[in-house]
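Encoded as structure tokens, the structure appears first; notes follow it.
Protein chains get the first letters and strands the later ones, always in sequence-line order, with residue 1 at the start of each.
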Amino acid sequence: MAQALGQQRYKCALAAIQTVHAIDRAVPIMHSGAGCAGKLDDSFGNSGYISPQLYPCTCVGEKEIVFGGNHKLEDLIENSLKILDGDLYIVFSGCASEIIGDDIVEVVSKFDDANKPIVAVSTPGFKGNNYISHDWVLSAIFNKLVQKREKKKGLVNILTGPPYQDPFWEGNLRALENLVSSLGLIPNTIFGHARGIENIKKLGEAQFTILASPWVGYESAKLLEDKFDVPLLHYENLPIGAYESSKFLRAIADFAGLDPKIVEDVIARREAEYYYYIDRFAPVFLELRIMSKRFAIVSDAQYSVAVTRFLVNDMGMFPTKVYICDNTPTLLQKKVVESANELNYGVIADVEFNTDGYAIHDEIETQDFGGSPFILGSGWESFLATRIGGHFLPISNPIEDKLIINGTYVGYDGGLNLVGDIYSVGLQMNAVQ
Amino acid sequence: MMALQLHLADPPIREERLGSIICWNGDLEEMTQAVSCGKLEHKERRFAQAGICPNGCAASNLLSIRDVAVILHGPSGCSCIGRATVGRQAAARINKSYESISYGDDMDENDTIFGAVDSLKKLAIDVIEKRRPKALFIVNSCASAVIGEDIESLVSELTSEYDIPIGNVNCEGFKSQVWFSGVDAMDHAIVKTLVKEPKEKRDVVNFINFFESERKYLSEIFEKLGVKLQFLFVNSTVEEIEHLSEARATVAVCSTLGTYLGNALEQKYGVPFLKTINPMGMQGFEIWFKGIAAILGKQREARQIINQEREKYLPKIEKVKERTAGLKAVLAMGAGYSYEMARVLQELGIKILWLASGHLDPRQDGDNIPPAIDFISKNSANNFGTIISDNQNFEIFNILHQNQPDIFFSRHPGFTVWATKQNIPAVYVGDEYLAMGYKGTLALANMIVDAVTNRSFMENLSAHTKLPYTDWWLNQNHAAMHKEA
């Protein structure tokens, strides 16, 4: 059923082109309107080896609506292989081509003999949002490229939320790799610099997969378990800061059957370093004149859970309310609420699932922050913060006034980055008030 | 050519109305000859790259108005029309608040089978009653168009119940291959829904532009001509738009942008629309400014301003021109700006090798040849390659590769990097006022000198990146994917 989407934070299923964009040398081919690529793959950092301006597209027009576009798609794929040098080609369908009944799977099957892999994935915008379609495109790619292989000891796949939809995606993956490496394991990720198709093929050789995400990405990670015998550790949080990172490392060690002593040594070393820095800066956190201890979050499940747990369990703060706007499927909402509430000292996070940002803002305006309001979320929340004289830090899509190049809030160092950014916001406000 | 059919539910698209095309290859002389005898044939492509859709264009332009609500009836990708950053920044520059709001209705699979006008109606009522916008526009999408949703009836129903203007824009993405058709659809809806009958003539000139970065300067020089400027649509309000019919004249910074609205106001309310080249460069500024002064009867004041500008900037321009003259350039811009910019570059002694324009309108709505094309066809220093290419990166990339110009100019977002990675200096002409008048010409000239002088960033980047096009493609003619008609 249609619902009110006010101040949009996600996009439609076809925005899974961004997932493919994050795979080095993969080329999205679009059987859609001309404008879909530019609109859906519009995040900062969207150039690189290829950019949405280069995606082959059938540019569906009135003619295709009337006569069908299968033939045009076939021509397009044939020439895409000749013109663009890629390792992997993914054919996406859009709303119009699906409604008129074009069959991309059949068209793609004509290229079974091509010397590069081509995968078809049905992604009409009306079929869901890009948090869900991220899973569809990964499943389609895994089905095509991954094979059941002999397992390599210590090799661990790491998956998390959708690239680009998560503006911190690349920094997050590198930070998760660091955490996994610190235990003596070998991380395998598929997105970003120098990963790509070879790493996708290695997915089947891993000892297990870690999915660090409340709910997004489960279907494709589970496929690796069910079809390719790669066991899944579904860790329902993206770890930020010392408390959550240590918990994460223990969960991995436990799942991998590592010697607890090794893990505890790593944790002790990392925590000592982390708290050395916290100690030096603690007076700022304790005494900043105008920052209260209460915060509101308006974000997706991944950042709502991760940042709530960090701010409560690491920094001793309190959520006024947590708004999750990613259209989390109803059946999964209970688990997300539970994960957001893994909080110390009986602190409770009041979680609401809502896609209408205007309604959320109305409510936040009435909340008691015990001082100047502090809101974490997307760029939309910056307008709210300005209006009500609060502090604001962007943590999730859309972020339009900050460039996140390889930045991350994940892990021990990531926690320091986040706390540094939060109090920098406070310091700027301090100067003017 | 027929007059604009302002009574229709939607305007005919540019392909039907103006004979617009998005694919053609030749040179300036061939093109202008074909334009003048109406024989410009569109070609199909065997391979194309993604571009821009008219739907998003209409919706996001509506949101540059400061106090409206826009509901996009479609899946969540279509309604993802951003946070109106430009509108907000522009409002902040003049100390006004931006109050417009945007909603999508997240159309899903069920809705494509059973329709979703009922839930759209609920949302629209909710938005009108709770958010109290000054006007509401409902924009359709590919999905809602293919399943035949009747938004117009809903709009009539709502109009009878509420006392704010409510309009609809039917411009689904597949309807036109020319994204400017989206601007026309929006202008059509605005003239139908918002603009009121004139009560009095006012000393105001409607000024159609994109981002109004020279608002202050323009306001000052037009004040000397005795008029205030009504900038459209960034920073405009519903109340201001209601009075467009009372203006002394309409001018546009880009006639490709302004053709529909300018001619509609002329046709329906007798507000003259200035049909000349735009104020970019030196000749452009003089012809354009004298043109508007003539309508206002202020030729003397205009000459005075022009003389002041010449005195102030011409000696500096002549000096920097010593360094721009002789450079060879390729440029890729919109259907109007490409020819406007070609004229400006020739003023700086730059030789155009190839020009790529995003589409071509052989005629505009006033039944005139686009002024910038008309001007350059009569005044160009040389004949040059001309391709109509709707942001087709692979064609422009190929032209750059095979011609190795000294410099590339682009107004297509995301294109300059592809020249830079080929070690060709690139200038992004994102701001429509970059080269306006004598002052802007000097700024552009300096920017060009900078771009060809410090090549560090370009050389660093190009040395560390690999290009995605195959050698096979780079050795083809850039028009090799055009089908024979």
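- Using a 4.5 Å cut-off between heavy atoms, S102(B) contacts chain A through both its backbone and its side chain.
- Interface check for chain B: of the options D356(A), L40(A), T58(A), T355(A), the most heavy-atom pairs under 4.5 Å are formed by D356(A).
- For E44(B), the part lying near chain A is the side chain, with the backbone staying farther off; criterion is any non-hydrogen pair under 4.5 Å.
- Counting non-hydrogen atoms of other residues, nucleotides and ligands closer than 6.0 Å to NZ of K82(A) gives a total above 12.
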### Message
Set out, in order, the CA-CA distance, both residues' side-chain angles and the distance that settles side-chain contact (heavy atoms from CB on, under 4.5 Å) for K39(A) and N55(B), then state yes or no.
### Response
CA-CA 11 Å; K39(A) 205 180 220 181; N55(B) 180 268; 3.9 Å; yes

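- Of the listed residues (R25(A), Q53(A), R9(A), Q7(A)), the one with the most heavy-atom contacts under 4.5 Å to chain B is Q53(A).
- In plain terms, the two heavy atoms of Y49(A) and W418(B) that are nearest each other are O-CH2, 3.3 Å.
- Nearest approach of F174(B) to V60(A), heavy atoms of both residues: CB-O, 3.2 Å.
- For I147(B), the part lying under 4.5 angstrom from a heavy atom of chain A is the side chain only.
- Only the side chain of K421(B) has a heavy atom closer than 4.5 Å to any heavy atom of chain A.
- Of the listed residues (K122(B), H73(B), R46(B)), the one with the most heavy-atom contacts under 4.5 Å to chain A is R46(B).
- When the candidates G6(A), G33(A), A37(A) are compared by the number of heavy-atom contacts under 4.5 Å with chain B, G6(A) comes out ahead.
- Heavy atoms of D362(A) lying under 4.5 Å from chain B belong exclusively to its side chain.
- Within the 4.5 angstrom heavy-atom criterion, only side-chain atoms of C95(A), from C-beta onward, approach chain B.
- For chain B, no part of L14(A) is nearby; none of its heavy atoms comes within less than 4.5 Å.
- Only the side chain of D111(B) has a heavy atom closer than 4.5 Å to any heavy atom of chain A.
- Of the listed residues D401(A), D75(A), I77(A), V27(A), the one with more heavy-atom pairs under 4.5 angstrom with chain B than any other is D75(A).
- Using a 4.5 Å cut-off between heavy atoms, C78(B) touches chain A through backbone and side chain atoms alike.
- Residue I99(A) holds its CD1 atom at 8.5 Å from SG of C142(B), rounded to the nearest 0.5 Å.
- Nearest heavy atoms, D108(B) versus A2(A): OD2-N, 4.4 Å.
- If you measure heavy-atom distances from A4(A) to chain B, the contacts under 4.5 Å come from both the backbone and the side chain.
- The CG atom of N130(A) lies 8.0 Å from the SG atom of C80(B); values are rounded to the nearest 0.5 Å.
- For the options C53(B), S60(B), G51(B), S119(B), heavy-atom pairs under 4.5 Å to chain A are most numerous at G51(B).
- Taken to the nearest 0.5 Å, the CD atom of Q49(B) stands 7.5 Å off from the CD1 atom of I83(A).
- To the nearest 0.5 Å, the span separating SG on C12(A) from CE on M107(B) amounts to 12.5 Å.
- With a 4.5 Å cut-off on non-hydrogen atoms, P56(A) touches chain B through its backbone and its side chain both.
- There is no side-chain donor-acceptor pair under 3.5 Å between Q8(A) and S76(B).
- For S80(A), the parts lying under 4.5 angstrom from a heavy atom of chain B are both the backbone and the side chain.
- Contact annotation for T123(A): neither backbone nor side-chain heavy atoms come within less than 4.5 Å of a heavy atom of chain B.
- A donor-acceptor pair under 3.5 Å links the side-chain atoms of Q177(B) to the main chain of C59(A), judged by distance alone.
- Taking A48(B), G74(B), S97(B) one by one and counting their heavy-atom pairs under 4.5 Å with chain A, the maximum is reached by A48(B).
- For the atom pair CD1 (I13(B)) and CD (E62(A)), the distance works out to 6.5 Å, reported to the nearest 0.5 Å.
- Considering only heavy atoms from C-beta on, L54(A) stays 4.5 Å or farther from F397(B) through its side chain.
- Of the atoms belonging to W179(B), not a single heavy atom falls under 4.5 Å from chain A.
- With a threshold of 4.5 angstrom between heavy atoms, S47(A) approaches chain B through side-chain atoms but not through N, CA, C or O.
- Of all residues in residues 466-476 of chain B, those placing a non-hydrogen atom less than 4.5 angstrom from a non-hydrogen atom of chain A are K466(B), L467(B), P468(B), Y469(B), T470(B), W472(B), W473(B).
- Judged by distance alone, the side chain of N79(A) and the main-chain N or O of F47(B) form no donor-acceptor pair under 3.5 Å.
- For the residue pair Q3(A) and D106(B), a side-chain donor N or O sits within less than 3.5 Å of a side-chain acceptor on the partner.
- If you look at F383(A) and Y98(B), their ring centroids are not closer than 6.0 Å.
- For L84(A), the parts lying near chain B are the backbone and the side chain together; criterion is any non-hydrogen pair under 4.5 Å.
- The residue among E172(B), K130(B), K175(B), H412(B) with the most heavy atom pairs within less than 4.5 Å of chain A is K175(B).
- The part of N327(A) that comes within reach of chain B is its side chain, from C-beta onward, which places non-hydrogen atoms under 4.5 angstrom from that chain.
- At a 4.5 Å heavy-atom cutoff, the contact between L123(B) and chain A is made by side-chain atoms alone.
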